[in-house]
Amino acid sequence: MEASRFSPEDVDEGVEVSSDGCGVYSKQGRKNTWLGARGRPGVLHGLYQFEVKVLGNSLIRVGWAASFSSRNIGTDAHSFGYGGTAMKSSNRKFERYGEDFNGLDGAVVTCLIDRRTREEQTISYCLDGKYLGVAFTLPTKLADVALFPAICGREAWTASCQFRDFSFLQQGYSPLAEAPLQGHAILKPIMPGLCSADADSGVEISEDGKSANGRSPEGKWLGARARPGVIQGAYQVDFELRSESLIRVGWATSTSRKSLGCDAKSFGYGGTAKKSHAGNFEDYGEEFQGKIGSVVSCLIDRSAEHQTISYCINGKNLGVAFEVPESLVSEPLFPAVCGKGCWRVTCHVSQLLRPLSGYEPICKALLAGDATQGPGELKPPSGKTVSSTDHAEVQVGRRVVLHVRSGPWQGWYMCCVVDADDMGCYLKHDEDGFTENVPWAYLGGQKFAMQLLPENVEVQKHAQKNDVELNCQAEHPVALQSKTMQASQKSSTEFLRRGFLRVDSGGAGLELSPCQAGLFVEQIEALPGQPDLRRGFAIVAIQGKLLLGLDEDIIHSIFGGALKDGVEIVAGPSLEMQTVTFEEIRKQALQLMSAKRVPEQFFETAGSLLRACSTPLSTSGLLCRTALRVAIGLGAGLELESSDLGFVVTAIEREPGQNLKVGDAILAIGGKTLLGCSEEEIEARFRDAFRHGSALICGPAAALQSLPAEQVQGMVHGLLSLSLDRTETI
């Protein structure tokens, strides 16, 4: 069935749709009564058009409408119409526009929509091919709301519609039928409630959007977001715990992590009586972990100068948990939930279980114009499948759709090819500018799939007009390649380094997983210890053999065959390797391996930066110095609790990765001790020094608590007195 059509399920009583979805009519409408219908799909991005032909003596109005608007187009703030009496209308405001086509049998009205940018989106019309000018500039609060083709008529009326093969094709505009293929439209309206298209793999959302079941055997946090996203006003959504489990609920932007509170774009309140934002966890409210039937109300008030987020537990108001930071005051915030292990909740967006005075059910926010539907179930554009053996056409400046088949970033992404070589390609994501290397060997397996888009796909049809699009399309590919390589000339020797593995009778004490660069360091055990590695590093080469861009089986074979005490490796931070191409990483790795071998004793005596960042520096061997890793949009990925020692690490996210273990105490940061400080002072000092590379002094909390406080204090001050530790960052 054609995806672009008028829907018989989305019509007023008395309106009928033909079997092909192109004919719409009302045979016996009541006097002076307008009845209408909506079509599919709903446009979110790009330039698109459809046509309506007037049949017989019909008075109709045509245009675009949100799924929750009235079908009488132009009578509310979420629909936009142009009628046969030469009037345009929205929100019951009727103004002169265009030319009269009332009763003109065969007249063709072309409905145009331009959603290339969020800042300026417009609706225009043509009559029999004559352009009539811009009729509406859409309000910014509708920037993320899908708009569907719509038609209504007075009394008895008939019309036929075309979504392709037009009588009057307008330059620059594409047929509405192509919008889903380009990933610019949703095929059906999004209803308030939990959204299956915005949930982690492992979270099952019911068809009505009222319940979520999470299953993660590994005990990972998985989550989902709901609709709509609140822009203004005061609204409430209730979550009811339906299993003995640990969950966290709250509010998040559409681009935040699903693990609530672990980045700067989400706000959470969890069952352990902790509130969280940007990776900072603080005491708040009451515990509800495992308490089946507990109702947590998530409240947001965006009606005042200072926007706030609050929570209630079983109707008891717990007070303001967060003030929305200035950077997010204009961002839509969506209800969200995440859980650890196996969990189940129900979500109530209309019939609240514990309604609070002053707050409306969130389902009313759309009709009030206070919310956005948010991202829809966009379908990826289609193109030629790229495989590990067929990738010659993937060249600089081309566009691809990257499908991530597993892991927390599962989904599809529009990307520009920044560089390509015989090992893989270097991509830049359209949405956020994120860069990554994708080895050819990974395509077609469990990790990635890729499709190459046709060269004639126009840039302006894509979601956002950003620097990626300008670079990829406005410049000649040769110029782009030159520019890219210049940008990547920040040599990877800044973070690639040569070191040695320690291996004893118990092995290397490493937990490793294959990645694009080689082997990703998940965990490092205390024994035998790896002074030349940190959690979050990637091992690029071992014993003179590159692991970069190889298939998983080959990586394991090379690494296993070379594993021995003192074997030479090349490694560096995985996140930083994502900022340069495969060729640059390979070049620098080969340079390091070809250089004269430095004896291991050098690292013992010279006090290299890497060793200084990861090995014990006190005589007791308990304390060590490391560097905090903070990633944009992810924070530090730490859950912390205050103690007499400072902060104790209670959980560590995989990204951005820290050279810490659960149970470690952070005793100093940025050259300032946390030892013996009040809870408020600990938080203040940590917050002031919270940045990527900030120097930490840490050690196992259990062992340190067994020592006299004076001894621990002396050890910390001794480390702080070293010249290396006077710096705030490393």
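Source: prediction; values computed, not measured. Nothing fancy with the numbering, it's 1 onward along the sequence.
The OG atom of Ser259 sits 9.0 Å away from atom CG of Leu222, with the distance rounded to the nearest 0.5 Å. Trp157 contributes atom CH2, which lies 8.0 Å from atom OG of Ser58 (distance to the nearest 0.5 angstrom). Atoms OG1 and CG, from Thr110 and Leu112 in turn, are 6.5 Å apart once rounded to the nearest 0.5 Å. Between the SG atom of Cys111 and the CG atom of Leu147 there is a distance of 12.0 Å, given to the nearest 0.5 Å. Atoms SG and CG, on Cys298 and Leu260 in that order, are 8.5 Å from each other to the nearest 0.5 Å. Expressed to the nearest 0.5 Å, how far OH of Tyr311 lies from CG of Leu318 amounts to 10.0 Å.
Side chain of Asp238 to backbone of Leu353: a donor-acceptor contact under 3.5 angstrom is found. In this structure, Ser90 contributes its side chain and Ser79 its backbone to a donor-acceptor pair below 3.5 Å. The backbone N or O of Arg257 lies less than 3.5 Å from a partner atom in the side chain of Asp263, making a donor-acceptor pair. Side-chain atoms of Asp200 come within 3.5 Å of backbone atoms of Gly223 as a donor-acceptor pair (strictly under, hydrogens ignored). Between the side chain of Glu155 and the backbone N or O of Trp34, no donor-acceptor pair lies under 3.5 Å. No donor-acceptor distance shorter than 3.5 angstrom exists from the side chain of Arg40 to the backbone of Pro149, with no hydrogens or angles considered. Gln451 contributes no side-chain N or O that, together with a main-chain N or O of Leu402, makes up a donor-acceptor pair within less than 3.5 Å. Ser18 places a side-chain N or O within donor-acceptor distance of the main-chain N or O of Gly23, the cut-off being under 3.5 Å. Not one N or O on the side chain of Tyr97 forms a donor-acceptor pair closer than 3.5 Å with the backbone of Gly83. Of the possible donor and acceptor atoms, none in the side chain of Gln351 sits under 3.5 Å from a partner among the backbone N and O of Pro361.
Nearest heavy-atom pair across Arg5 and Phe163 is CA-CE1, 3.5 Å. Shown here for Tyr125 and Gly63, the closest heavy-atom pair between the two residues is OH-CA, 3.4 Å. Nearest heavy atoms, Ser26 versus Gly14: OG-O, 3.4 Å. The two residues Leu104 and Asp100 make their nearest non-hydrogen contact at CD1-O, 3.6 Å. Between Ala159 and Leu55, the shortest heavy-atom contact is C-CD1, 4.1 Å. Pro228 and Pro192 make their closest contact through CD-CB, 4.3 Å (heavy atoms, listed as atom of the first residue, atom of the second, distance).
Remark: Arg61 fails to qualify as a cation-pi partner of Tyr82 under the 6.0 Å distance and 45° angle criteria applied to the six-membered ring.
Between the side chains of His429 and Glu436, at least one donor-acceptor pair of N or O atoms lies under 3.5 Å. Side chains of Thr346 and His348: a donor-acceptor N/O pair is present below 3.5 angstrom, by distance only. A side-chain donor-acceptor contact under 3.5 Å links Ser256 and Arg225. In this structure, a donor-acceptor pair under 3.5 Å is absent between the side chains of Ser70 and Asn72.
Proximity of Val401 to Leu453: side-chain heavy atoms (C-beta onward) are separated by under 4.5 Å at one or more points. Counting heavy atoms from C-beta on, the side chains of Phe6 and Arg38 never come closer than 4.5 Å. Counting only heavy atoms from C-beta outward, the side chains of Glu95 and Lys93 approach each other to under 4.5 Å. The closest side-chain heavy-atom distance from Cys312 to Leu299 is below 4.5 Å. Side-chain atoms of Leu427 and Val418, non-hydrogen and from C-beta on, never get closer than 4.5 Å to each other. Between Val237 and Ser297 there is no side-chain heavy-atom pair separated by less than 4.5 Å. Residues Thr122 and Leu138 are not in side-chain contact: their nearest non-hydrogen atoms beyond the backbone lie 4.5 Å or more apart. A 4.5 Å side-chain heavy-atom check between Val43 and Arg115 finds at least one atom pair inside the cut-off.
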CA sep, side-chain torsions, deciding dist, call: Val15, Val24, side chain to side chain contact (heavy atoms under 4.5 Å, CB included): CA-CA 7 Å; Val15 176; Val24 191; 3.8 Å; yes
List the steps, then state whether side chain to side chain contact (heavy atoms under 4.5 Å, CB included) holds for Val17 with Val11. CA-CA 8 Å; Val17 176; Val11 299; 3.8 Å; yes
Under the criterion side chain to side chain contact (heavy atoms under 4.5 Å, CB included), I'd like the reasoning laid out for Val145 against Phe68: C-alpha separation, chi angles, the key distance, then a yes or no. CA-CA 10 Å; Val145 175; Phe68 48 86; 4.1 Å; yes
Side chain to side chain contact (heavy atoms under 4.5 Å, CB included) assessment of Cys347 paired with Val349: CA-CA 6 Å; Cys347 175; Val349 297; 3.8 Å; yes
Give the intermediate values and the outcome of side-chain hydrogen bond (donor to acceptor under 3.5 Å, both in side chains) for residues Tyr235 and Asp370. CA-CA 9 Å; Tyr235 291 96; Asp370 290 343; 2.6 Å; yes
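If you run ring-ring contact (aromatic ring centres under 6.0 Å, His included) between Trp64 and each of Phe148, Phe50, Phe80, only Phe50 comes through.
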Determine all donor-acceptor pairs shorter than 3.5 Å in which one atom belongs to a side chain in residues 300-308; sequence neighbours excluded.
unit_1: Asp301; atom_1: OD1; unit_2: Ser303; atom_2: N; d: 3.0
unit_1: Asp301; atom_1: OD1; unit_2: Ser303; atom_2: OG; d: 2.4
unit_1: Arg302; atom_1: NE; unit_2: Gln307; atom_2: OE1; d: 2.7
unit_1: Arg302; atom_1: NH1; unit_2: Val230; atom_2: O; d: 2.7
unit_1: Arg302; atom_1: NH1; unit_2: Glu331; atom_2: O; d: 2.6
unit_1: Arg302; atom_1: NH2; unit_2: Gln307; atom_2: OE1; d: 2.9
unit_1: Arg302; atom_1: NH2; unit_2: Leu328; atom_2: O; d: 2.9
unit_1: Arg302; atom_1: NH2; unit_2: Val329; atom_2: O; d: 3.0
unit_1: Arg302; atom_1: NH2; unit_2: Glu331; atom_2: O; d: 3.2
unit_1: Gln307; atom_1: NE2; unit_2: Val329; atom_2: O; d: 3.3

Please table the atom pairs, donor to acceptor, closer than 3.5 Å between any side-chain atom in residues 127-137 and protein atoms at least two apart or in another chain.
unit_1: Asp128; atom_1: OD1; unit_2: Val108; atom_2: N; d: 2.8
unit_1: Lys130; atom_1: NZ; unit_2: Glu99; atom_2: OE2; d: 2.6
unit_1: Tyr131; atom_1: OH; unit_2: Ser124; atom_2: OG; d: 3.3

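Summarising the local packing, CD of Glu120 is surrounded by 12 or fewer heavy atoms from other residues, nucleotides or ligands at distances under 6.0 Å.
Phe322 and Phe267 have their aromatic ring centers within a separation under 6.0 angstrom.
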